[in-house]
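This one's a predicted model, so the numbers in the text were calculated from it and none came from an experiment. We use all heavy atoms of the structure for the numbers below, so side chains are in, but hydrogens, waters and symmetry mates are not. Just so it is clear: chains get the letters A, B, ... in the order the sequence lines come, proteins before strands, and each one is counted from 1.
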Amino acid sequence: MSIASKYNPAEVEDKWYKHWMDQKFFHAQVNPEKEPYTIVIPPPNVTGVLHMGHMLNNTIQDVLIRKARMEGKEACWVPGTDHASIATEAKVVAMLREKGIKKSEIGRDEFMKYAWEWKEKYGGIILEQLKKLGASCDWDRTSFTMDEGYYKAVVQVFVDLYRKGFIYRDLRMINWDCEAKTALSNEEVMYKEDGEKSVLYHIRYQIKDSKEFVVIATQRPETIMGDTGIAVNPKDPRFTHLIGKKAIVPFINREIPIIADEYVELDFGSGCLKITPAHDPNDYELGKKHNLEVIDTINLDGTLNERCEMPEYVGKDRFIVRKMIVKKMREAELLVKEEDFITKIGRSERTNTVVEPKLSLQWFIKMKEISRTALKAVEEDEIQLHPPKFKNTYRHWMENVKDWCISRQLWWGHRIPAWFLPDGDFVVANTEEEALKLAQEKSPNITLADLKQDEDVLDTWASSWLWPMAVFNGFENFDEKSGRIEQPNAELAYFYPTKVLVTAPEILFFWVARMIIAGYEYMGEMPFKDVYLTGIVRDKQGRKMSKSLGNSPDPIELMQKYGADGVRTGMLFSSPAGNDLPFDEKLCEQGRNFSNKIWNAFRLLKGLDVVQTPSSNAEKVAIQWMENRLNQALVEIEDHYGKYRISDALMGTYKLIWDDYCAWFLEMIKPAYGDPISEETLNSSIAIFEKLLKVLHPFMPFITEELWHSMGTRGEKDCIIVAEWPKAATYDKGIIDAASLAFELISQIRNIRSSKGISPKEPLELIIKTEKPEAYSQFQQLIEKLGNLSSIQFNGNAPEMSFSFIINSDECAIPAGNNVDLEKEKAEMLKELEYAKGFLDSVMKKLGNERFVNNAPAQVLQNEQNKKADAEAKIKTLEESLAKMG
RNA sequence: GGGAGUAUAGCUCAGUUGGUUUAGAGCACCUGCCUUACAAGCAGGGGGUCGUAGGUUCGAAUCCUACUACUCCCACCA
């Protein structure tokens with residue numbers, strides 16, 4: 001038989017993925033006999049393409065879900081996508097623009113047709129890419145946040161929250177995107193890290209009925225026409241005499257009061273602050289406090305309107321007006337100073353335009369009360385965050401939670417279920433018919449034609465916060481009276497709460513916290529037990545991977561190059577929960593090398609000739625050790641999984657296979673070249689190998705499935721993906737320790753060979769001076785085999801010319817024969833002697849300390865005394881040998 | 001400005017309630033090997049005064065204090 005010496009993933013991956021799909025192994029259903037294990041995917045945006053962040057995130061989910069499936073749980077991983085209202089709308093608008101179509105010209109219904117078309121075309125790309133990764137999602141359950149039932153659920157929740165009094169409409173200072181013409185949540189406003197260059201203009205305002213001026217400093221001179229006050233600090237002696245007087249706004253000659261407020265900093269700018277309540281959140285608050293007029297001079301598209309009282313500026317963009325007015329001021333000698341200034345300007349995450357603070361009527365959710373249970377749940381560890389450091393962040397946010405602006409001036413999304421009556425009043429209802437009924441209660445003659453539905457849609461997160469319930473159609477049983485899902489349908493009752501949510505810490509508040517809030521509000525129960533927060537995938541230089549930097553590798557290409565298994569393990573090798581992952585292709589290479597290692601272990605097992613004999617004693621010991629070692633490793637690996645230490649679980653598996661199985665075990669049982677292997681030994685070795693494949697399967701699903709089937713003939717349903725997870729049995733620590741001692745000894749022998757230039761092929765003798773020869777007896781034959789020893793002699797006399805070393809306080813010697821270089825030997829021994837003396841010194845210092853001797857526990861003391869004895873013995877032999885050498 | 005976190009080998013990280021050698025792993029590095037499972041490999045090796053300064057203790061990477069550096073989150077000065 002000839003098997004390629006290199007594993008070729010391309011040949012097997014698609015084959016097995018298709019097989020798993022055909023056999024419906026990913027599909028989960030209500031099954032009272034089994035414990036459910038549910039994960040809902042963080043739904044990627046329909047605009048997205050697979051990036052490295054998704055790779056990391058979904059690999060972790062797949063590892064967890066595959067392990068659960070093998071453990072006999074009903075493993076359900078629900079995939080889906082998020083409609084991502086602003087991101088998608090921006091893409092569709094851009095696409096239409098290329099076709100020469102303007103959104104405003106085609107109207108809402110027509111636009112939505114294009115948007116849906118766009119979603120159908122591109123929305124599924126990312127899910128298809130996840131299949132290449134091996135993601136074992138239940139594709140029959142693929143959900144979308146604007147599916148019919150989901151849409152209905154979002155509306156129901158809006159109506160319910162309105163009825164419960166959690167939703168209100170208010171005039172607020174919000175972040176306005178002048179390009180997308182929509183409000184943005186605080187979370188959608190980005191700030192450049194180092195700020196942006198700006199100019200602080202110092203402008204003179206004349207005091208009314210006086211020759212005096214005040215100088216105010218502003219970055220936004222174009223807003224002065226909206227000024228309705230000037231504030232100074234009451235403690236500022238420069239200005240106390242002005243408080244209560246009036247100042248005059250340049251050009252438009254409006255008289256505005258000078259007021260005193262602690263808010264004004266004494267040492268910033270000129271110490272004098274102009275108040276423009278319509279165009280700055282702080283000014284708005286100040287204005288409210290001091291009852292100042294609000295004059296909104298900027299249109300929704302960022303141009304100035306007639307309220308600015310300067311006809312030449314009307315209809316011009318705010319930044320153009322800034323330039324114009326600065327010039328005008330300069331000419332009028334009103335500009336005292338222009339100061340360069342670094343400021344953090346907010347920009348829209350989606351359109352990158354400078355965000356305009358704007359007063360606007362928006363819908364809000366009151367957050368304080370509704371989030372109380374959600375705060376407590378994490379606080380008291382009912383829901384656990386991994387790593388736990390995020391608990392603090394969570395608490396801090398939840399305790400200071402602000403009301404949530406949920407309306408967006410967009411079309412793509414869930415339209416707000418509020419209908420306006422001609423008189424400006426409104427009703428909130430699930431459907432138009434219901435709305436009409438409610439409206440008629442207010443005004444009996446009203447008809448459907450009189451009602452006008454709110455044009456706005458909801459913030460994306462106001463739909464995705466229902467995800468863990470909505471993907472199981474949970475809201476079909478929504479009870480309007482109690483405002484809860486009182487009688488969950490069978491699916492929701494079974495799969496909810498989900499087990500773990502795997503997501504990025506950036507959306508802890510956007511999404512995770514809000515899902516927890518919604519879960520308790522509508523199910524009265526947490527949406528998930530654990531939250532695993534991944535890190536950010538960065539490049540080697542520590543930069544975040546981003547499209548604009550072009551530093552993100554294409555995951556699909558990576559998988560073609562290293563195999564999906566290689567990339568999966570590459571992602572996981574060094575990414576503990578919550579830590580950023582500095583990505584390096586080398587990691588994938590390591591993953592690929594690992595697959596190749598396993599492939600070759602299989603080649604060895606498959607390539608051996610078999611003879612019908614029982615195992616030799618040495619082979620029996622090897623098998624016994626490997627089985628015990630496997631059980632020990634299973635306990636360790638299970639512990640890592642339990643703590644969501646996925647990297648550690650992988651490393652444990654990696655070392656178990658590479659070091660213990662391949663490097664030690666296979667070398668132990670491998671027959672001499674050309675010799676056959678005992679059938680019994682081979683069968684045991686294969687049985688162990690298959691167990692190892694199972695343990696590895698969650699990490700490397702493809703190669704393990706391929707090898708599972710290559711080991712022998714298996715039916716199409718006998719797949720490793722559904723094989724039983726090996727349970728850890730108790731293990732005998734004695735044989736593991738005996739093996740460790742043997743390995744240490746073998747390493748020392750190899751070390752001697754390597755440093756003395758003795759070929760591995762030359763058999764050597766070994767003499768061990770020990771009080772406990774039985775410690776070596778179990779592994780004696782294996783030590784001889786792996787160390788290539790002709791004999792091991794206990795407590796015999798070593799010739800003078802020997803290489804010696806110490807194992808476990810036992811002195812070992814290898815007769816040097818003619819392999820000796822006296823000078824070199826002497827130098828090495830001197831070095832060793834020095835080290836031993838230094839070591840003894842440190843031990844003696846400890847033992848000479850009376851307080852240590854009196855206070856340390858007996859065990860610790862005994863240890864130190866043993867160390868002393870060892871060191872002394874070593875020094876003695878070294879000195880003797882050196883004396884003999886002259 | 002408020003809050004949180006981190007600092008251990010070249011890199012990424014372990015180090016469980018202070019106590020088994022003068023601190024471990026993977027990768028990287030160096031040396032020697034094309035030893036018929038695997039050069040995508042084998043064998044061996046070097047490398048850290050555990051961020052700095054104090055303190056507690058018989059004993060500190062581990063506990064305490066201060067400092068320094070970096071990271072993240074929140075708020076944000078016109």
Side-chain angles (χ1 to χ4, degrees), chain A residues 3 5-7 186 191 200-201 216-220 231 263-265 267-276 280-283 341 343-344 346 387 389-397 400 402 505-506 508-509 536 540 542 562 566 573-576 578-582 584 586-587 589-608 645 647-648 650-651 654-655 658 662-663 666-667 670 673-674 747 750-755 757 759-761 835 838-839 841-843 846 849-857 859-864 866-867 870-871:
Chain A
I3 308 167
S5 71
K6 301 252 187 298
Y7 168 61
N186 288 337
Y191 299 88
L200 204 51
Y201 299 95
I216 58 92
T218 180
Q219 295 183 71
R220 304 204 56 195
Y263 169 78
V264 183
E265 302 270 337
D267 52 0
F268 188 87
S270 63
C272 216
L273 171 71
K274 81 186 191 71
I275 308 173
T276 322
D280 182 281
N282 297 306
D283 290 15
F341 178 66
T343 186
K344 294 210 167 175
K389 67 175 178 188
F390 287 107
K391 211 167 136 177
N392 287 326
T393 321
Y394 180 88
R395 184 198 312 120
H396 191 250
W397 191 78
N400 300 289
K402 301 223 164 65
E506 306 148 33
L508 187 59
F509 309 126
I536 297 164
K540 267 191 274 188
Y562 300 105
F573 271 129
S574 92
S575 52
N579 275 37
D580 286 358
L581 166 67
D584 186 336
K586 284 238 153 172
L587 291 166
E589 199 180 312
Q590 193 186 347
R592 180 203 57 181
N593 293 355
F594 185 37
S595 7
N596 201 50
K597 184 75 188 172
I598 301 153
W599 179 256
N600 277 289
F602 160 76
R603 274 181 77 215
L604 173 66
L605 292 174
K606 267 319 229 192
L608 292 168
R645 297 170 68 145
S647 284
D648 291 337
L650 170 60
M651 192 44 72
Y654 179 85
K655 287 200 275 193
W658 198 307
C662 295
L666 288 180
E667 291 304 325
K670 193 161 95 178
Y673 177 61
S747 284
R750 288 172 177 170
N751 181 2
I752 298 278
R753 284 184 191 278
S754 180
S755 59
S759 158
K761 286 174 184 161
Y835 178 91
F839 179 62
D841 267 359
S842 80
V843 176
K846 245 186 191 175
N849 185 336
E850 226 173 275
R851 286 191 294 180
F852 170 72
V853 178
N854 294 335
N855 291 314
Q859 182 62 41
V860 176
L861 200 59
Q862 186 57 47
N863 274 335
E864 292 305 313
N866 291 349
K867 282 188 221 167
D870 284 359

- Message: If I take atom CD1 from residue Ile752(A) and atom OG from residue Ser747(A), how far apart are they, to the nearest 0.5 angstrom?
- Response: 11.5 Å

- Note on the structure: Rounded to whole Å, CG of Asp280(A) lies from C1' of rC77(B) at a distance of 10 Å

What protein N or O atoms touch nucleotides 1-3 of chain B N or O atoms at under 3.5 angstrom, if any, and at what distances?
none

- Pairwise C1' distance, rU52(B) and rU8(B) [rounded to whole Å]: 15 Å

- Of the non-hydrogen atoms in Ile216(A) and Ser270(A), which two are nearest, and what is the gap between them? CA-OG, 3.4 Å

- Note on the structure: Atom CG of Asn400(A) and atom C1' of rC74(B) are separated, to the nearest Å, by 8 Å

- Separation between CD (Glu506(A)) and CG (Leu508(A)), nearest 0.5 Å, reads 10.5 Å

- Task: Using the C1' atom as the reference point in each nucleotide, state the distance between rU71(B) and rA25(B) in Å, no decimals.
- Result: 25 Å

- Message: Would you measure the distance from the C1' atom in rU57(B) across to the matching atom in rC73(B) and give it in whole Å?
- Response: 38 Å

- State the NZ-CG distance between Lys274(A) and Asp283(A), to the nearest 0.5 angstrom. 7.0 Å

- Note on the structure: In whole angstroms, the gap separating P of rC13(B) from NZ of Lys655(A) amounts to 17 Å

- Message: rC27(B), OP1 or OP2 - any side-chain N/O from Tyr654(A) closer than 4.0 Å?
- Response: yes

- Query: Does Ile275(A) offer a backbone N or O that forms a donor-acceptor pair with the side chain of Asp280(A) under 3.5 Å?
  - Reply: no

- Task: Send over the distance from Leu508(A) CG to rG5(B) P, rounded to a whole Å.
- Result: 15 Å

- Message: Minimum heavy-atom separation for Lys389(A) and Thr393(A), please, with both atom names.
- Response: O-OG1, 3.9 Å

- Message: So if I define the base as every atom that isn't primed, P, OP1 or OP2, how would nucleotides 35-44 of chain B read as a B/S/- string at a heavy-atom cutoff under 4.0 Å?
- Response: -BBB-BSSSS

- Message: What's Gln590(A) touching, base or sugar-phosphate or nothing? Going by heavy atoms closer than 4.0 Å.
- Response: sugar-phosphate

- Point-to-point distance, once rounded to the nearest 0.5 Å, from CZ of Arg592(A) to CH2 of Trp599(A): 15.0 Å

- Using a 3.5 Å limit on both pairing distances, list the dot-bracket string of RNA chain B from the 5' end; Watson-Crick and G-U wobble pairs count, crossing pairs take [ ], interstrand pairs take |. (((((((..((((.....[....)))).(((((.......))))).....(((((..]....))))))))))))....

- Residue-phosphate contact under 4.0 Å: Arg395(A) side-chain N/O, rC73(B) OP1/OP2: no

- Do Tyr7(A) and Ile598(A) come close enough that some side-chain heavy atom pair is under 4.5 Å? no

- For Arg753(A), which contact category applies under a 4.0 Å heavy-atom criterion: base, sugar-phosphate, or nothing? nothing

- On a heavy-atom basis, the closest approach of Ser5(A) and Arg603(A) is CB-NH1, 3.1 Å

- Item | Nearest-Å distance once atom C1' is located in both rC13(B) and rA7(B) | 13 Å

- Query: How far, in whole Å, is rC74(B) from rU49(B) if one measures between their C1' atoms?
  - Reply: 39 Å

- side-chain contact (heavy atoms from CB on, under 4.5 Å) involving Gln590(A) - partner list, sequence neighbours excluded: Phe573(A), Leu587(A), Tyr654(A)

- Task: Specify the closest pair of heavy atoms between Cys662(A) and Leu666(A), including all atoms of both residues, with the distance to one decimal.
- Result: O-CB, 3.6 Å

- Message: Please determine whether a side-chain nitrogen of the Lys or Arg among Glu589(A) and Lys586(A) lies less than 4.0 Å from a carboxylate oxygen of the Asp or Glu.
- Response: no

- With rounding to whole Å, what would you report as the distance between rU56(B) and rG3(B) at their P atoms? 30 Å

- Query: Just how far, in rounded Å, is P of rC77(B) from CZ of Arg220(A)?
  - Reply: 12 Å

- Task: Pick base, sugar-phosphate or nothing for Asp648(A), based on heavy-atom distances below 4.0 Å to the nucleic acid.
- Result: nothing

- Message: How long is the straight-line distance from CG of Asn392(A) back to CZ of Arg395(A), given to the nearest 0.5 Å?
- Response: 5.0 Å

- For nucleotides rG45(B) and rG51(B), find the distance between their P atoms and express it as a whole number of Å. 28 Å

- When rounded to the nearest 0.5 angstrom, what distance separates CG in Leu200(A) from CZ in Arg220(A)? 13.5 Å

What are the atom names and distances for every N/O pair under 3.5 Å that joins the protein to nucleotides 7-12 of chain B?
residue, atom, partner, partner atom, Å
rU12(B), O2', Ser574(A), OG, 3.0

- For Lys6(A), side-chain contact (heavy atoms from CB on, under 4.5 Å) partners two or more places apart: Asn596(A)

- Message: Taking only the C1' atom of each, what is the distance from rA14(B) to rG32(B) in whole angstrom?
- Response: 31 Å

